[in-house]
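Just so it is clear: chains get the letters A, B, ... in the order the sequence lines come, proteins before strands, and each one is counted from 1.
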2 protein chains.
Amino acid sequence: MDDVGAKKRRPGGRSAQVRARVQAAVIELLADSRLEEVTIPRVAERAGVHQATLYRRWGNIAGLVDDIVAERVGELAPIPDTGTLRGDLELAAVRFAEVIAPLGGIMIRAAALATPDADSSVTFHTRATQLQAMLDRAAARGEKAPTLTELLEGITAPLYFHELFFGRPADAEHARTLVDRLLIYVEASR
Amino acid sequence: MDDVGAKKRRPGGRSAQVRARVQAAVIELLADSRLEEVTIPRVAERAGVHQATLYRRWGNIAGLVDDIVAERVGELAPIPDTGTLRGDLELAAVRFAEVIAPLGGIMIRAAALATPDADSSVTFHTRATQLQAMLDRAAARGEKAPTLTELLEGITAPLYFHELFFGRPADAEHARTLVDRLLIYVEASR
DNA sequence: ACGTTAAAGCAACTATCTTCGCTTTTGATG
DNA sequence: CATCAAAAGCGAAGATAGTTGCTTTAACGT
């Protein structure tokens with residue numbers, strides 16, 4: 001996997017078009033069906049692509065979802081340095097909320113579909129490393145910073161949880177509320 | 001649903017045995033298979049029960065999982081009144097962690113499988129009501145209490161996602177840490 | 001004990017998913 | 001613009017999942 005998004009041959013070639021239509025179909029189905037109703041034949045039909053193509057290229061639904069998630073998570077990869085911990089956290093939280101929102105809970109479902117083996121999630125590990133770097137920057141500036149665990153549990157977990165249990169994504173305002181909460185705690189506990 | 005766990009007829013009757021064997025089979029499969037491999041026929045085979053029985057009683061995998069989760073969550077139903085908010089929270093958190101821990105991360109997958117419509121989850125709603133009552137008791141005693149959302153996001157969400165993020169369930173000590181964190185925040189923010 | 005009833009077992013049937021060999025299209029290369 | 005290779009389309013065969021009417025078992029009441 002060198003150039004997942006654009007593909008090797010051509011940006012607008014047939015393969016790329018198939019991929020785009022298939023990804024859209026998966027997201028639509030994931031958004032308004034129960035998980036077990038999201039099948040290769042149904043994705044193929046909605047995308048107007050032959051079943052055999054999907055089986056050959058992605059193998060199964062999990063493969064399809066992995067492909068989509070890897071691409072989306074890649075979009076929020078570089079966490080900008082705003083100069084303050086609060087700025088960094090708010091940006092990261094809001095962007096994360098925005099990315100998972102339109103995916104309508106597929107992030108969490110993707111996690112569910114993936115191999116039980118947690119370490120295999122390269123995507124997650126990469127993300128964690130980036131967040132840790134953000135915290136290190138804050139610490140270097142002398143700010144009181146939470147631990148990575150506190151960050152994941154205080155912000156990421158609630159954002160996931162929101163979608164899963166309330167059936168709707170958290171909005172940007174709520175994301176900022178979570179940051180606020182975390183910082184109040186950090187301030188009080190150090 | 002008056003007596004979910006024990007069933008109407010007999011605690012050790014045939015129906016109850018079937019149910020127990022089926023639940024065990026689901027949990028085993030959920031633990032060491034990819035989600036899409038968890039099917040009614042496979043559950044039936046592992047449980048030594050006829051497929052038709054499962055289709056008639058539970059309809060599909062989601063129904064099965066709902067049943068299991070409802071039972072497990074039901075086990076921690078009555079939240080004891082320890083006299084202090086901290087005591088109540090710690091007891092509730094630790095017991096919750098203990099209940100979901102042996103399920104080893106299947107809770108997340110189970111949640112993904114369960115009905116997407118969150119409000120329809122009677123179990124969740126019941127639980128939320130109980131927790132709210134606990135908070136009301138604390139408020140009546142004049143303690144500074146978190147909101148229900150703060151509780152769910154500060155304790156329940158991290159406990160659910162610990163497995164997903166860190167590959168292992170949260171233990172009792174971590175549950176208490178979460179309570180600590182929440183109370184520090186509440187104390188500082190009011 | 002005996003009859004009643006609800007749930008489980010059984011087996012055949014239908015529907016849906018998955019695979020496979022082959023043909024056709026399409027994008028890159030000379 | 002002719003050729004080659006990779007990927008998509010096609011359709012049929014095989015595997016698996018889901019359904020249904022009927023029979024059998026067993027828990028409960030009398």
**Q.** Under-4.0 Å salt bridge between A:Glu71 and A:Arg19
**A.** yes

Q) Choosing from D:dC10, D:dG18, C:dA11, which nucleotide comes nearest the side chain of A:Ala52? A) D:dC10

Q | Contact nearer the 5' end of DNA chain C, comparing B:Gln51 with B:Val18 | A | B:Val18

Q: Starting at atom CG of A:Leu54, determine the distance to atom C1' of D:dA7, rounded to an integer number of angstrom.
A: 13 Å

Q: Take atom CD of A:Gln17 and atom C1' of C:dT25, then tell me their distance rounded to the nearest Å.
A: 13 Å

Q) B:Ile40 CD1 to C:dA8 P: how many Å, rounded? A) 13 Å

Q) A:Arg42 has a side chain; which of D:dT20, D:dG9, C:dC17 sits nearest to it? A) C:dC17

Q | Nearest-neighbour nucleotide for the A:Ser15 side chain, D:dG9, D:dA7, D:dA17 considered | A | D:dA7

(Q) Between B:Gln130 and B:His125, is there a side-chain donor-acceptor contact under 3.5 Å, judged purely by atom types and distance? (A) no

(Q) What is the separation between atom CZ on A:Arg21 and atom C1' on D:dG9, rounded to the nearest whole Å? (A) 12 Å

Q. The side chain of B:Arg14 lies closest to which of these nucleotides: C:dC10, C:dA8, C:dT18?
A. C:dA8

Q | Separation of C:dG21 P from A:His50 NE2 (nearest whole Å) | A | 15 Å

Q. How many Å lie between CZ on B:Arg56 and C1' on C:dA8, as a whole number?
A. 8 Å

Q) Atom CH2 of B:Trp58 and atom C1' of C:dA7: how far apart are they, to the nearest Å? A) 11 Å

Q: Determine, for B:Arg72 against B:Asp67, whether the closest basic-nitrogen to carboxylate-oxygen distance falls under 4.0 angstrom.
A: no

Q. Within the structure, does a side-chain N or O atom of B:Arg19 lie under 4.0 Å from either OP1 or OP2 of C:dA7?
A. no

Q | Rounded interatomic separation in angstrom, taking OH from B:Tyr55 and C1' from D:dA17 | A | 5 Å

Q. Ion pair present between B:Glu45 and B:Arg42, side-chain N to carboxylate O less than 4.0 angstrom?
A. no

Q) Once the angle between the rings of A:Phe161 and B:Phe161 is folded into 0 to 90°, is it parallel (under 30°), tilted (30 to 60°) or perpendicular (over 60°)? A) perpendicular

(Q) Please confirm whether the shortest side-chain N or O distance from B:Arg57 to OP1 or OP2 of C:dA6 is below 4.0 Å. (A) no

